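All values derive from a computational prediction rather than experimental measurement. Hydrogens, waters and symmetry mates play no part in the numbers below; they use all other heavy atoms, side chains included.
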Amino acid sequence: MPLPVRVRFAPSPTGNLHVGGLRTALYNWLFARQNGGTFILRIEDTDQSRKVEGAEEQLLAALKWAGLDPDEGPHVGGDFGPYRQSERLDTYVGHARQLVDNGSAYPCFCTPERLEQLRDRQQKMGLATRYDGLCRKLPTDEAASRALAEPHVIRLAVPRDGLIILVDQIRKKVRFEWKEVDDQVLIKGDGFPTYHLANVVDDHLMDISHVIRGEEWLPSMPKHLLLYQAFGWDPPEFAHLPLLLNKDKSKLSKRQGHVAVKDFRDAGYLPQALVNFVALLGWNDQSNQEVYDLQELTAAFTIGRVQKGGAIFDTGKLRWLNGQHIRRMEASAFKAALLPHLDSQWNITDAMVAAVQSKISLLSDAREQLDFFFEEPVVYDEAARQALTHPLSRDILSSLLAKFGSAETFSGDFLLAAVKEIGADLGLKGRDLWHPIRAAIAGRVVGPDMVTIVEAFGFEKCRERITAAVSLS
RNA sequence: GGCGCAUUCGUCUAGUGGUUAGGACGUCGGCCUCUCACGCCGGUAACAGGGGUUCGACUCCCCUAUGCGCUACCA
């Protein structure tokens, strides 16, 4: 009977959720869902100086958009709250005291200046930079009394020698020498805990079974394991995810293009496409499948098949994936997703939606496919002008007008038949035949199929525009 | 500098001692076609380098190189 799976996504609220965070959240979510577990959102706001206004709301909005709803968190509650670390301060201080009492941690009175000098010296000597343990040598009673009066931090007493071989679900065994590990600060001078303490205490108190987080935490895993040991707790399983990288292979960041989830939403990407894409950056199920929905990912995901090396966040494939997901959508769902990317004044018909669903890659591509439907009067672009001044344009258009004259009812099919006849008469087909007609009616030489265009405009308007274009050609 | 992790087509990746090294995106060519797209078909392109181990290495070991991460009273 394995422990119930409880995983957490624990971002610090320093701004918009970016795609790397999205992937971490996704892997946690997938792991929870497929194991009938619980996905917890915890806000790691122990650094007062890095707080960003509204960041938590943006985070929630991004997760919701992506479909990764937390089962427990600051906004939904749960039995293990509060879920903001800033609201759990007493817990950390109490636990730190416990460690000082049992000799696993100690107060340190060293000034930042001394620490800086120490680091410089060690670096010049080619040593690992770590606290030299000056305050660790203080007699406990002296340390205790000074702690009452002087500003200080609490440090973890890390072993001086020996080594630790730890097990990561993705990287398997990794070894570290204790002498390379620093006496990590647990409680800062301002009374707030550092990430290391808060994260271990919370993960234990929240019954977290698996810690799935970014690779940047791998080097601090020995400290975390030591903390579990000092508290006498069983540690959870750990899995350190490879990083997402910029095109130049540096750790993914802003500066090099958009990385915020919100940016992708605004640019016309579907949440299911972005989720699909980040899932595949660093994971595959050994099959040749490329397009997945959340349900399929949940079924296929395994933490053991997560890649070890970092992946460059190259959006080329994302664009294609977005088109794939667009094509798979129900017409009504697609229309709902599309509307925010179009002018609210536009009277979009189902035929226009369908015309666009079969061909675009981004939702935002639809605007330039459809805008001419609503522009009055017609505006001819450069390519359209060229098509209209083609020697045969006049013949094509006046022939078409003649056919219009004899029309009893007008429809897209009528147009198709009429143009086909004209083509046969003049020995034309393809763009030579159709560009002048498109140009005349739409002002463009590219766009949705002519049946959609012509039926949206109606007989009168088509005739007017062709007449106008003939005089132009 | 120290420590750790990593390294298959341009990109995401399959591969766990014997493969014509597979797929996808991109790109190129073609087809389809009322345009542009979409779609379909085909081509292009990779095991970082050097040593071992082995009858045989992309696969195992070592070294080098390169990249990245960490090295804070940030997360």
* Structure fact -> As its Watson-Crick or G-U partner within any shown strand, both distances under 3.5 Å, B:A57 has none
* **Distance, P atom - from B:U64 to B:C58, rounded to whole angstrom** => 22 Å
* To do: Taking atom C1' in both B:G49 and B:C41, compute the distance separating them and give it to the nearest angstrom.
  => 39 Å
* Asked: In B/S/- notation, 5' to 3', how is nucleotides 36-49 of chain B contacted by protein heavy atoms closer than 4.0 Å?
  -> BBSS----------
* At under 4.0 Å between heavy atoms, which parts of nucleotides 64-71 of chain B does protein reach? Answer with one letter per nucleotide, 5' to 3': B base, S sugar-phosphate only, - none. => ---SSSSS
* To do: Begin from the C-alpha positions of A:N28 and A:R8 and carry the test side chain to side chain donor-acceptor pair (under 3.5 Å) through to its verdict.
  => CA-CA 7 Å; A:N28 273 284; A:R8 85 297 196 280; over 6 Å; no
List, one per line, each side-chain donor-acceptor pair under 3.5 Å for residues 421-437 of chain A, sequence neighbours excluded.
unit_1, atom_1, unit_2, atom_2, d
A:E421, OE1, A:K403, NZ, 2.7

* Would you indicate whether the side-chain heavy atoms of A:H240 and A:E216 approach each other to under 4.5 Å? => no
* Among residues 418-429 of chain A, which contact RNA chain B at a heavy-atom distance under 4.0 Å? -> none
* **Interface with RNA chain B, restricted to residues 151-175 of chain A and to heavy atoms under 4.0 Å** => A:V153, A:R155, A:R171, A:V174, A:R175
* Asked: A:G323 near the nucleic acid: base, sugar-phosphate alone, or nothing, with a heavy-atom cut-off under 4.0 Å?
  -> nothing
* Asked: Where does the angle between the aromatic ring planes of A:H196 and A:H224 fall among parallel (under 30°), tilted (30 to 60°) and perpendicular (over 60°)?
  -> tilted
* For A:L205, all residues meeting side-chain contact (heavy atoms from CB on, under 4.5 Å), sequence neighbours excluded -> A:R88, A:T91, A:H95, A:V201
* Within 6.0 angstrom of A:K173 NZ, more than 12 heavy atoms from elsewhere -> no
